[in-house]
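Below, chain A is the first sequence line, B the second, and so on; all start at residue 1.
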Protein chains: 2
Amino acid sequence: MEVLPKELIQKKFPDLEDQLLDELLSQSTLREVEEGEEVMRSGQYIKSTILLLSGLLKVYREDDEGNEFLMYYLEPGSACALSMMCTARTEKSEIMAKAVKDSEVILVPSELSEMWLGKFKSWHNFVIASYRQRFEELLQTLDSIAFKGLDERLVFYLKRHVKVSGKQVKLSHQQIADELNSSREVISRLLKKLEQTGAITLHRNYIEVHDLSLGV
Amino acid sequence: MEVLPKELIQKKFPDLEDQLLDELLSQSTLREVEEGEEVMRSGQYIKSTILLLSGLLKVYREDDEGNEFLMYYLEPGSACALSMMCTARTEKSEIMAKAVKDSEVILVPSELSEMWLGKFKSWHNFVIASYRQRFEELLQTLDSIAFKGLDERLVFYLKRHVKVSGKQVKLSHQQIADELNSSREVISRLLKKLEQTGAITLHRNYIEVHDLSLGV
DNA sequence: GCATTACAGTGACTCATGTCACAGAGAAGG
DNA sequence: CCTTCTCTGTGACATGAGTCACTGTAATGC
């Protein structure tokens with residue numbers, strides 16, 4: 001357990017009121033997670049709200065057979081709505097959060113979070129806003145799965161990735177396939193096509209994105 | 001505009017505090033919608049929160065080409081979280097709510113709803129609970145699309161339908177196909193298979209559900 | 001009662017994805 | 001330098017789902 005730098009939190013979460021920050025500082029814990037490490041799993045341990053201070057998390061679904069798909073990324077300054085959401089986790093699949101980069105997260109015990117809802121207007125707004133944003137993102141994901149072919153989903157996926165991590169996409173085809181719940185060979189082929197349109201350039205273990213609008 | 005029967009609302013929304021009900025009664029409007037009528041469309045008109053008093057609504061997504069798929073059903077006593085959620089509706093697709101049966105909805109202007117969040121603890125809880133529940137249901141839908149084949153999705157769909165409307169499913173194959181974003185012929189075949197397992201019996205314009213667990 | 005319409009069933013075909021089986025090319029480690 | 005592993009590329013094939021064309025059959029309307 002470390003000292004939380006108030007200024008940093010304030011910078012990342014500018015909408016939270018001062019008094020709340022003080023409580024946050026005194027009552028929550030900071031945790032550093034390494035790239036690849038699992039941050040949470042729905043319904044595991046004591047539920048706490050997770051605030052992301054630095055780094056990058058991905059939130060994804062995993063079913064009983066090990067299939068997974070990406071729900072969305074979480075960037076610093078945002079909260080993992082799940083921890084508040086998932087009262088009853090659904091039958092067979094779980095929601096997982098994993099660090100994509102080394103990250104720092106703040107863990108807020110649920111009772112506290114619950115209490116703050118009534119006590120601090122800014123916390124309340126923050127939570128509501130989080131719900132909204134996640135809901136929207138989830139809808140987008142849903143859309144892309146329901147209506148689009150894998151080719152478009154791949155472009156959508158790359159766009160999101162570029163947005164959070166820049167144009168050097170350091171992923172193997174296998175990893176991408178996993179997150180789209182597809183298979184490597186198929187992704188390889190689609191990526192090849194994208195390369196032919198000039199949208200991207202393929203390298204070993206990373207992809208250079210030029211202009212994804214060419215890939216449609 | 002009619003008089004809202006307080007007792008009825010109280011019965012359907014037992015968790016809302018008394019004082020809130022009074023404000024609700026005096027400041028919101030009751031609207032009756034007929035089966036098949038559109039209740040809302042994301043981003044249309046003034047946004048208001050919708051409380052369902054009686055009947056049944058379905059909430060679904062529709063993309064620019066007229067494809068649609070069902071998100072979830074709303075039963076009396078629940079709120080349409082969307083109206084609060086969808087600040088920025090996403091590019092090309094819209095969320096729609098349509099009455100499956102004749103229904104009565106209460107329209108709460110957004111400013112009011114917003115204000116109540118701070119003023120009434122019970123409203124606040126109600127809203128949070130709604131968010132949670134919708135989120136969960138959306139996740140379930142997402143799951144079924146992402147991981148399951150159309151056969152399982154059909155079973156999942158029928159189950160939901162039975163839950164809200166009973167074992168006499170009065171739908172044509174075409175309607176089902178639409179809500180699953182599939183095509184009639186395919187649904188016909190799958191239904192046929194289900195009939196062969198004894199899970200259902202097919203009739204013209206309606207399906208009799210016996211035991212969907214046979215259909216897996 | 002006859003014509004029309006909506007719904008349901010079926011076979012043939014296409015297309016997108018997924019799977020299997022390999023092969024080559026870099027990386028990594030000794 | 002040689003071995004081994006991981007990542008990538010590709011062809012052949014299987015499967016699920018969508019589409020087309022057509023038939024039959026119950027409901028509806030005049």
key: Protein-nucleotide distance (B:Leu191, atom CG; D:dA17, atom P), rounded to Å   = 14 Å
Between C1' of D:dC7 and CG of A:Leu171, the distance in whole Å = 13 Å
request  = Round to the nearest Å and state the distance from A:Leu150 atom CG to C:dT17 atom P.
outcome  = 5 Å
Polar pair under 3.5 Å, donor/acceptor by atom type, side chain A:Arg184, base C:dG18 = no
key: Mutual orientation of the aromatic rings belonging to A:His161 and A:Tyr157 [parallel < 30°, tilted 30-60°, perpendicular > 60°]   = tilted
key: Integer-rounded Å distance: D:dA17 C1' and B:Lys148 NZ   = 18 Å
request  = Could you say whether A:Asp151 or A:Glu185 is positioned toward the 5' end of DNA chain C, judged by the nucleotide with the nearest heavy atom to each?
outcome  = A:Asp151
inquiry  = Would the distance check show the side chain of A:Asp151 and the main-chain N or O of A:Leu154 forming a donor-acceptor pair, the cut-off being under 3.5 Å?
reply    = no
query = Just by modelled atom types, is the A:Lys101 backbone N or O under 3.5 Å from a matching donor or acceptor in the A:Ser103 side chain?
reply = yes
query = Does a side-chain N or O from B:His203 land closer than 4.0 Å to OP1 or OP2 of D:dA26, or not?
reply = no
task = Ignoring backbone atoms, test whether A:His173 places a side-chain nitrogen or oxygen under 4.0 Å from the OP1 or OP2 oxygen of D:dT8.
result = yes
query = Do A:Lys98 and A:Tyr60 meet the cation-pi criteria used here (NZ or CZ under 6.0 Å from the six-membered ring centre, within 45° of the axis)?
reply = no
ask   = When all nucleic acid strands are considered with a 4.0 Å heavy-atom cut-off, which category describes B:Asn205: base, sugar-phosphate, or nothing?
value = sugar-phosphate
query = Does OP1 or OP2 of D:dG18 have a side-chain N or O of B:Ser182 closer than 4.0 Å?
reply = yes
query = CG of A:Leu154 versus P of C:dA16: gap in Å, rounded?
reply = 15 Å
ask   = Between C:dT10 atom P and B:Leu202 atom CG, what is the distance in whole Å?
value = 10 Å
inquiry  = Go nucleotide by nucleotide along DNA chain D from the 5' end; which of A:Ser172 and B:Val186 gets its closest nucleotide reached first?
reply    = A:Ser172
B:Leu190 CG to C:dG9 P, straight-line distance once rounded to whole Å = 12 Å
remark   = From the candidates C:dG11, D:dG11, C:dA8, the one with an atom nearest any side-chain atom of A:Arg189 is D:dG11
query = Which listed nucleotide (C:dG18, D:dA21, D:dT8) is nearest to the side chain of A:Ser183?
reply = C:dG18
request  = Send over the distance from A:Ile187 CD1 to D:dC7 P, rounded to a whole Å.
outcome  = 15 Å
inquiry  = Is the phosphate of D:dG9 approached by A:Lys192 (side-chain N or O, under 4.0 Å from OP1 or OP2)?
reply    = yes
query = Does any N or O in the side chain of B:Ser28 come within less than 3.5 Å of the main-chain N or O of B:Leu25, such that one atom is a donor and the other an acceptor?
reply = no
request  = Could you tell me whether the side chain of A:Arg204 has a donor or acceptor atom within less than 3.5 Å of a complementary atom in the base of D:dT6?
outcome  = yes
